[in-house]
Amino acid sequence: MQAIYRGRGVRRDRQGNKALPPRPGVMLREEPLSAQPAITKAALAERILYSSTDFRWHAGIVPVSGTLYLPAGAPPAGGWPLLAWAHSTLGVADSCAPSWTGHKPRDATYIARWLESGFAVVATDYQGLGGPGPHPYLNWAAEGRSVLDAVRAVLAAHADKLATKVFITGQSQGSGTALGATTVAPSYAPDVPLLATVATGLVSTFPDGPCPPAEPFTIGSPIYLTLMMLGGSLPDETSVDKLVTEKGGLVLRAARESCTGEMRAIAQKGSVMAENASELSVSDGHEARPTGARSPGNRTCRFRAAAASAICRRCRLVRGRQ
C-alpha cells in the first residue's frame, strides 16, 4: 500500500496526487491481502484504506488502514452481517499494524470462526498504525472513530454483499475501543446500524471513560507506560525523551521501531521496570500515570468494568429501534 502523506497543507496521495475526501468513512483503496494460514474461509481478503477523523490531535480527516474479509459462498438474502474487530495492544509503530504483518494467531482464529459463522469482518489497524501520524493509544474516542469509519467505508463499498447489521467486539485495548465506538456512535455515526457490542479483557479507565480511577496510581509495566507516553496521553509540548531514564530509553527506542514482543525482550534483557524507566514519580507531583491506564486495585472500577455491558444495553436501547 502506498503511503498517504500531508504536503503543502493538503493531504495527498503519492500516486494520484488526490486530496482526501472531506468526510470520514469513505473507502480510499482496496488491495489483495496475503493469505494468513489461520484464515482459510475467506472468499475475499483485502487490505483497506479509508478516511476517518483525528479526534486526539484535531488534524481533520486522516487515512486509516485495516483489513476486510468476506465469507466464502454466496451472501444470504439481505447480505452478511458485519462484525468490526478491535485488536489488543500490539505497539505504536507502523510495523505493528495487522494489515502489514498479519493478525496475531489468536485474532486470526477469531476472525476465521466469525467467517465460518457467516459474518463479514472488518478490522481496523487504528489511526496511526499503518497510516500517517502517531497512534492515540488507549484513547477510546479516537480509536472508536477508527472502528466506526471502517464500518461506514465497508458498508458503502460492498453494499451488495453486506446487511445493515453491525456488531462490534474488542479485546483489551480493543475493549476500550469497542466501548468507545458504542458510546460515540449515536452522535458521531448515527448512520451505522449497530446492534450489539462485546468487550473482553476490559480496560475501563481510559480518558474520560465510564470508570475514572478513585485515586492516583502508577503503571506497573514499562511497556504500557512507554506506549501511553508515545500514544498521546501527555500534553503535545512534552518531550517523551526527557521523561525517561537511560534504561527507559531502551524500551522507548524499541517502541518507536518495533512491537510489544521486542519491547518485552529488551526490557527483560536490560532489567527495565516501570520504577526505573521514567523520571516521573509520585513524590514530585507528576506521577507516572498517563491518562488511559487501568487500575487493577480499584474494586469499584473492576466491578463497573465487569458490568460495562450497561453501555452495550444503552447501545441496544438507543440504536435497536432503528
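Nothing fancy with the numbering, it's 1 onward along the sequence.
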Taking every non-hydrogen atom, the tightest pair across L115 and A42: CD1-CB, 3.8 Å
D236-W57 side chain donor-acceptor pair, cut-off 3.5 Å: yes
Any donor-acceptor N or O pair under 3.5 Å, side chains Y110, T169: no
Where S175 and L202 come nearest, the two heavy atoms and their spacing: OG-CA, 3.3 Å
Within one Ile-Leu-Val-Met-Phe-Trp-Tyr cluster: L194 and L68, side-chain cutoff 4.5 Å: yes
Stacked cation flag R152 on Y188, 6.0 angstrom / 45 deg: yes
Distance-minimising heavy-atom pair for E143 and P136: OE2-O, 3.1 Å
Interatomic spacing from CH2 in W85 to CD1 in I111 - rounded to 0.5 Å: 8.0 Å
Any residue meeting side chain to side chain donor-acceptor pair (under 3.5 Å) with R106, in chain and number order, not counting sequence neighbours: S88
Salt bridge (Lys or Arg N to Asp or Glu O under 4.0 Å) involving D160 - partner list, sequence neighbours excluded: none
Hydrophobic cluster identity match, I168 and V192, side-chain contacts under 4.5 Å: yes
Geometric class of the Y137/Y224 ring pair [parallel <30°, tilted 30-60°, perpendicular >60°]: parallel
Hydrophobic cluster identity match, V62 and V122, side-chain contacts under 4.5 Å: yes
Shared hydrophobic cluster, V26 / L82 (ILVMFWY, side-chain heavy atoms < 4.5 Å): no
Which pairs would a plain distance check flag for residues 243-250, meaning a side-chain donor or acceptor within less than 3.5 Å of a matching protein atom at least two apart in sequence or in another chain?
from : atom 1 : to   : atom 2 : distance (Å)
T245 : OG1    : K247 : N      : 3.4
T245 : OG1    : G248 : N      : 3.1
T245 : OG1    : N276 : O      : 2.5
T245 : OG1    : A277 : O      : 3.3
K247 : NZ     : G270 : O      : 2.6

Between CG on residue L70 and NZ on residue K161, distance to nearest 0.5 Å: 7.0 Å
Side-chain donor/acceptor of Q36 to backbone N/O of H103, under 3.5 Å: yes
Verdict with reasoning, V203 to S172, per side-chain contact (heavy atoms from CB on, under 4.5 Å): CA-CA 6 Å; V203 177; S172 193; 4.2 Å; yes
Qualifying residues under side chain to side chain donor-acceptor pair (under 3.5 Å), relative to T124, sequence neighbours excluded: Y50
Cluster link V151 to V154, ILVMFWY, side chain under 4.5 Å: yes
Residues, nucleotides or ligands: over 12 heavy atoms within 6.0 Å of R256 CZ: yes
Student check: side-chain heavy atoms of V184 and W140 closer than 4.5 Å: yes
Trace of the side-chain contact (heavy atoms from CB on, under 4.5 Å) decision for T53 with I61: CA-CA 5 Å; T53 304; I61 300 298; 4.2 Å; yes
Candidate pair Q127 and N139, rule side-chain contact (heavy atoms from CB on, under 4.5 Å), full reasoning: CA-CA 11 Å; Q127 175 188 341; N139 188 312; over 6 Å; no
Nearest-0.5 Å distance that lies between atom OG in S99 and atom CG in D94: 9.0 Å
V272/I266 under side-chain contact (heavy atoms from CB on, under 4.5 Å): CA gap, chis, key distance, verdict: CA-CA 8 Å; V272 184; I266 288 174; 5.7 Å; no
All ring pair (Phe, Tyr, Trp, His ring centres under 6.0 Å) counterparts of F55, not counting sequence neighbours: none
With sequence neighbours excluded, residues passing side chain to side chain donor-acceptor pair (under 3.5 Å) with E46: none
Shortest non-hydrogen separation from I223 to R264 and the atoms involved: CD1-N, 3.7 Å
